[in-house]
Q: 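Pasting in a structure now, in structure tokens, and then I'll have a few things to ask.
Worth saying up front: this structure is predicted, and the values here are computed from it rather than measured.
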Amino acid sequence: MAANMPNVNSASGSWIIHFTEVAGFAPSGASVGFLIPPAMLMKTDPAYPADLIRQGVEGTVTLSAIIHSDGSVGNVRVLESVDSRLDQYAQTALGECRFRPATRNGIAVEMEAVVQIPFRSQA
């Protein structure tokens with residue numbers, strides 16, 4: 001499953017989020033049936049300081065995280081780095097986001113997310 005979210009602090013590009021169910025973490029009775037994906041309830045855009053924009057530091061940070069069954073985000077780690085400062089801003093922003101958790105048969109389940117966050121100084 002994939003979702004596309006606008007990135008307010010980037011001149012162009014949106015967050016792209018791919019979800020997959022975490023194997024072995026479904027509660028009893030939630031391993032089969034119709035899966036409803038998570039939905040972002042609160043999005044925090046990462047900082048993109050003017051000095052980094054002036055220096056031409058840009059690119060797309062790719063992160064991995066777990067969307068927990070309570071909608072919180074954890075285990076955020078960098079898969080593809082751009083710059084250590086942008087990586088940290090992206091990790092912090094994703095960690096502050098909140099989701100309506102994914103459900104299978106009405107039971108909340110954990111999902112793994114791969115998130116691409118663009119930092120672009122010009123459209």
Q: Only one of L63, L86, T60 passes side-chain contact (heavy atoms from CB on, under 4.5 Å) with I117; say which it is.
A: L63
Q: Are the side chains of I36 and R104 in contact, using a 4.5 Å heavy-atom criterion?
A: no
Q: Testing the basics here: between L94 and A65, what is the closest heavy-atom pair and its distance to 0.1 Å?
A: CD2-CB, 3.8 Å
Q: Tracing side-chain links under 4.5 Å among I, L, V, M, F, W and Y, which residues wind up in one group with V114?
A: L79
Q: Please check: side-chain N/O of D87 versus main-chain N/O of V78, any donor-acceptor pairing under 3.5 Å?
A: no
Q: Looking at every heavy atom in both S69 and A108, which two are closest together, and how far apart are they?
A: O-CB, 3.4 Å
Q: Are M40 and C97 close enough that some pair of their side-chain heavy atoms sits under 4.5 Å apart?
A: yes
Q: Taking only residues at least two apart or on different chains, which pairs with a member in residues 66-80 satisfy salt bridge (Lys or Arg N to Asp or Glu O under 4.0 Å)?
A: none
Q: Report yes if the side chains of V115 and W15 come closer than 4.5 Å at any heavy-atom pair, otherwise no.
A: yes
Q: Can you measure from CZ (F99) to CE (M42) and round to the nearest 0.5 angstrom?
A: 10.0 Å
Q: For the atom pair CE (M111) and CD1 (I67), what is the distance rounded to the nearest 0.5 Å?
A: 9.0 Å
Q: Has the side chain of T92 got a donor or acceptor atom that lies under 3.5 Å from a matching backbone atom of Q88?
A: yes
Q: Regarding D45 and K43, does a basic nitrogen lie under 4.0 Å from an acidic carboxylate oxygen?
A: yes
Q: What's the separation between atom NE2 in H68 and atom CZ in R98, rounded to the nearest 0.5 Å?
A: 9.5 Å
Q: Between Y48 and I53, does the side-chain contact (heavy atoms from CB on, under 4.5 Å) criterion hold? Intermediate values first, please.
A: CA-CA 7 Å; Y48 193 9; I53 293 170; 3.6 Å; yes
Q: Could you tell me the separation between the CD atom of E112 and the OG atom of S64, rounded to the nearest 0.5 Å?
A: 4.0 Å
Q: State the OG-CD distance between S72 and E96, to the nearest 0.5 angstrom.
A: 13.0 Å
Q: Quick one: are Y89 and V61 in side-chain contact, heavy atoms under 4.5 Å?
A: no
Q: How far does CD of E110 sit from CZ of F19, to the nearest 0.5 angstrom?
A: 13.5 Å
